[in-house]
J.: 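Before I ask anything, let me first share the structure, which is written out below as structure tokens.
Keep in mind that this is a model prediction, so the values were computed, not measured. Within every chain, numbering begins at 1; the chains are lettered A, B, ... in the order of the sequence lines, protein sequences first and strands thereafter.
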Amino acid sequence: MRNAPSAEDIARMYRQMLVVRAVEEQLAVLHRQGKTRGPIHTCIGQEAAGIGATAPLEREDVVTSTHRGHAHFVGKGLDLRRVLAEIFGRVTGYCRGRGGHMLVASAADGLLGGNGIVGGGIPIALGQAFGFQLDGSRRVAVAIFGDGAAQEGTCHEAMNVAGLWKLPMVFFCEHNLYGLTVHARYQSSVPDLHVRAAGYGMPGVMVDGNDLLAVHGAMRDALDRARRGDGPTFVEAKTYRMTGFSTSDMGGYQPEEEMREWAARDPIARTRALLATMLDESSLEAVERAAAEEVEAAFAQAMADPFPDAAELDAPEYAVAEARP
Amino acid sequence: MTRMRYAEALNRALHEEMARDERVCVIGEDVGIYGGVFKVTKGLRERFGDLRVRDTPISEQAMTGLAIGAAMVGRRPVLEIMYIDFLTLCLDQLVNQASIVHYIWAGQASLPFVLRTQGGAGAGAAAQHSKSLDALVAHVPGLKVVAPATPADASGLLVAAIRDPNPVVFLEHKLLYNTTGEVPEGDHVVPIGQAHVAREGTDITIVASSKMTLDALAAAETLAAEGIDAEVVDLRTLRPLDRETIARSVRKTNRALVVNEGWTTGGFGAELSAVIMEDAFDWLDGPVRRLGTADRPIPYSLPLEQAAVPDAAAITRAARLTLAG
Ligand SMILES: Cc1ncc(C[n+]2csc(CCOP(=O)(O)OP(=O)(O)O)c2C)c(N)n1
Ligand SMILES: [Mg+2]
């Protein structure tokens, strides 16, 4: 297979997936203990999609993420301690605690940024891709969004313009079957969203979003195409969130049988099984231990970090000089 | 000094800034081949090419996001939104995206883009093409809002807006495009955030912006014939507001009339009135009076439209009432 990742690459992505899972499980625990503020959206069950979409990117490539972005942050190489510090409102966070978990952004890493408005980041990625096209650079802008966001006007407008102008962009749709509590069958005119790409002059591909290598491969192809100047690609990753919509979800709308079916396709178990054909058990356990230790240390540090002083509210309303990623 | 029309002054500023800084690009509906429906972008595409001057699809949300994304990666887009009435389609991108980036990301990125649009009644364009929505955008921290009244200010403020590292909403007025005035030669920049006293007087301060400034100046001539010496403060920038110039004037004249072409209730006049109470209450000899457009959708038929929107005669009457109060 062209561009097939090595065992090391897969192990690195496996470790990132484990980090995301451990972070989110710990956040859920802390939420129950009242130690978090505001809703937190986890991507448990979707890690292969989120990591597979972001790990193949170069540092200069940029991503607009969503309200469910923890995997994107990790895949794009952000410092876990600073991500967690942002989630806990600490001054050491990427946004000095001003953003919170939905609005993490790291300009230096090209994570521009999380978004609490469904579909809000898609036209921004379009503009980033437009900027790259004007620059004549080989950078690519990736808009990551959900199946719910795909129903927003922003998505359709941006797909049209990207296809029309052949912008270096990837539309990466994490289709997890739900938009908040409502199943896609009640939201979407078509079950498979990639078919819409044809109407906007770009290729659409569908992959098993719980298959790390499938996602990674589709993303690599889309990135190559964008860098060649051939324009955008729509990648639809079919996946499932194995938990509620957010920490405040009261449940009751995901059928048990559906949950069971998808649990059997847990992307972490699948990636482990794949790696077990390449690495011995002790190497696998070493990866797992390293991930657990990284997460533990990051939580300990982030939760010990200071809050911003209330006087920081008065930080300037406007930029006085240009700052850019 | 060269005498030119308001639209020509804007056009000259765009030509000069595009020539001076290759990061500047112009996007919008009909801005390229046709040169803009108000001819403000005339000749740009011929001179700078269709990469930097782009006719876009009729997709205001995506285009606003496009400007944000391109600015984020180092371009300086100038986006034309044909009518301010269509700003409602841009509001999510302006209010939930553009306005938050600098502050919430703690200075990691700046957004140097300009959203040019035009509003105002008087052209028989009816309810969806005649509004003044200044208050809508001036309400939002992180945005700058300018509304020039003269060709010189139109050109100098547009240059300042293009060079500013923040999102600037640039409000033009459809009835001003054909007005003429002297415009300085050379690198003419009018700083954002500075009001100016368009006419000195001692008896009453009339605070206005955009076309209302011209109407206030005409009203001042009528009032002068009656022995009333009015001072006219032309705001030029609505956000950040030059409170000092307003207060200095009111402390001198002890009477204040605020005029804004937007709807009266919850309009920008309400803000001006509150600012005068806060900054100059002890100097007032009577209540602040505000004048705005009638609280109705702007009707089409000439007598109805004229009755709805303030003009020089209405300002004259309101000034007399202010002095009687
Ligand atoms: C414009 C907008 N509408 C509604 C919401 C409330 N909301 C937040 S997430 C969400 C569901 C989004 O579904 P999808 O895009 O599929 O993302 P997922 O949560 O499944 O990852 C909704 C309705 C919002 N935040 N923004
Ligand atoms: Mg979804």
Side-chain angles (χ1 to χ4, degrees), chain A residues 62 64 91 93-100 103-108 110 112-113 115-117 119-137 139 141 152-162 164-165 308 312 315-325, chain B residues 22-23 25 27 49-52 54 56-77 79 89-90 92-93 95-113 140-144 163-168 192-193 239-240:
Chain A
V62 297
T64 60
V91 75
Y94 275 102
C95 301
R96 301 183 66 82
R98 297 179 198 171
L103 297 177
V104 170
S106 171
L112 300 172
N115 216 306
I117 301 296
I122 305 171
I124 298 177
L126 181 79
Q128 293 159 349
F130 175 63
F132 299 157
Q133 185 181 66
L134 289 180
D135 293 344
S137 85
R139 299 169 76 184
E152 286 279 7
T154 50
C155 184
H156 292 263
E157 290 187 12
M159 285 173 73
N160 179 55
V161 176
L164 176 70
W165 293 352
E312 243 196 58
E317 178 181 350
Y318 298 113
V320 290
E322 193 177 345
R324 79 166 120 126
Chain B
E22 68 97 26
R23 296 172 303 172
C25 50
I27 53 181
D50 60 4
L51 272 183
R52 284 176 70 198
R54 290 242 180 147
T56 71
I58 306 158
S59 302
E60 288 81 5
Q61 293 199 76
M63 288 310 123
T64 310
L66 184 106
I68 295 169
M72 207 178 263
V73 299
R75 288 278 147 186
R76 292 189 168 246
L79 166 65
L89 291 137
C90 311
D92 176 61
Q93 288 295 317
V95 178
N96 280 317
Q97 311 296 340
S99 79
I100 75 167
V101 164
H102 165 70
Y103 183 88
I104 293 296
W105 293 10
Q108 291 183 74
S110 58
L111 295 181
F113 75 89
V140 184
L143 302 181
K144 294 189 177 182
R163 297 182 190 175
D164 197 283
N166 297 279
V168 181
I192 293 176
R239 186 182 188 105

J.: Need one label for Arg76(B): side chain, backbone, both or neither, based on atoms under 4.5 Å from any heavy atom in chain A.
T.: side chain
J.: Output, in order, the C-alpha distance, side-chain angles, deciding distance and verdict of side-chain contact (heavy atoms from CB on, under 4.5 Å) for Tyr318(A) and Ile192(B).
T.: CA-CA 12 Å; Tyr318(A) 298 113; Ile192(B) 293 176; over 6 Å; no
J.: If I measure from the heavy atoms of chain A, does Glu22(B) come under 4.5 Å with its side chain, its backbone, both, or neither?
T.: neither
J.: Decide side-chain contact (heavy atoms from CB on, under 4.5 Å) for Leu103(A) and Ile100(B); before the verdict, give the C-alpha distance in whole Å, the side-chain angles of both, and the deciding distance to 0.1 Å.
T.: CA-CA 10 Å; Leu103(A) 297 177; Ile100(B) 75 167; 4.1 Å; yes
J.: How many angstroms lie between CD1 in Ile104(B) and CZ in Arg96(A), if you round to the nearest 0.5 Å?
T.: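 Answer rounded to 0.5 Å: 13.0 Å.
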J.: Kindly indicate, with the supporting measurements, whether the criterion side-chain contact (heavy atoms from CB on, under 4.5 Å) is fulfilled by Cys95(A) and Gln108(B).
T.: CA-CA 8 Å; Cys95(A) 301; Gln108(B) 291 183 74; 3.9 Å; yes
J.: Okay, side chain of Gln61(B), backbone of Pro123(A): is any donor-acceptor separation there less than 3.5 Å?
T.: no
J.: When rounded to the nearest 0.5 angstrom, what is the spacing between CZ in Arg75(B) and CG in Leu134(A)?
T.: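 The distance works out to 4.5 Å.
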J.: Is it the side chain or the backbone of Pro240(B) that comes within 4.5 Å of chain A heavy atoms, both, or neither?
T.: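 Both parts, backbone and side chain.
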J.: Report yes or no: do Asn166(B) and Glu317(A) form a side-chain donor-acceptor pair below 3.5 Å?
T.: no
J.: For Ala319(A), does its backbone N or O pair with a side-chain atom of Tyr103(B) as donor and acceptor, under 3.5 Å?
T.: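 No; zero donor-acceptor contacts below 3.5 Å.
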J.: Identify which part of Pro57(B) has an atom lying under 4.5 Å from any heavy atom of chain A, answering side chain, backbone, both or neither.
T.: side chain
J.: Got a second to check how far Leu66(B)'s CG is from Glu157(A)'s CD, nearest 0.5 Å?
T.: 11.0 Å
J.: Using non-hydrogen atoms and a 4.5 Å limit, figure out which bit of Thr56(B) sits close to chain A: side chain, backbone, both or neither.
T.: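 It is both, since atoms from each part get that close.
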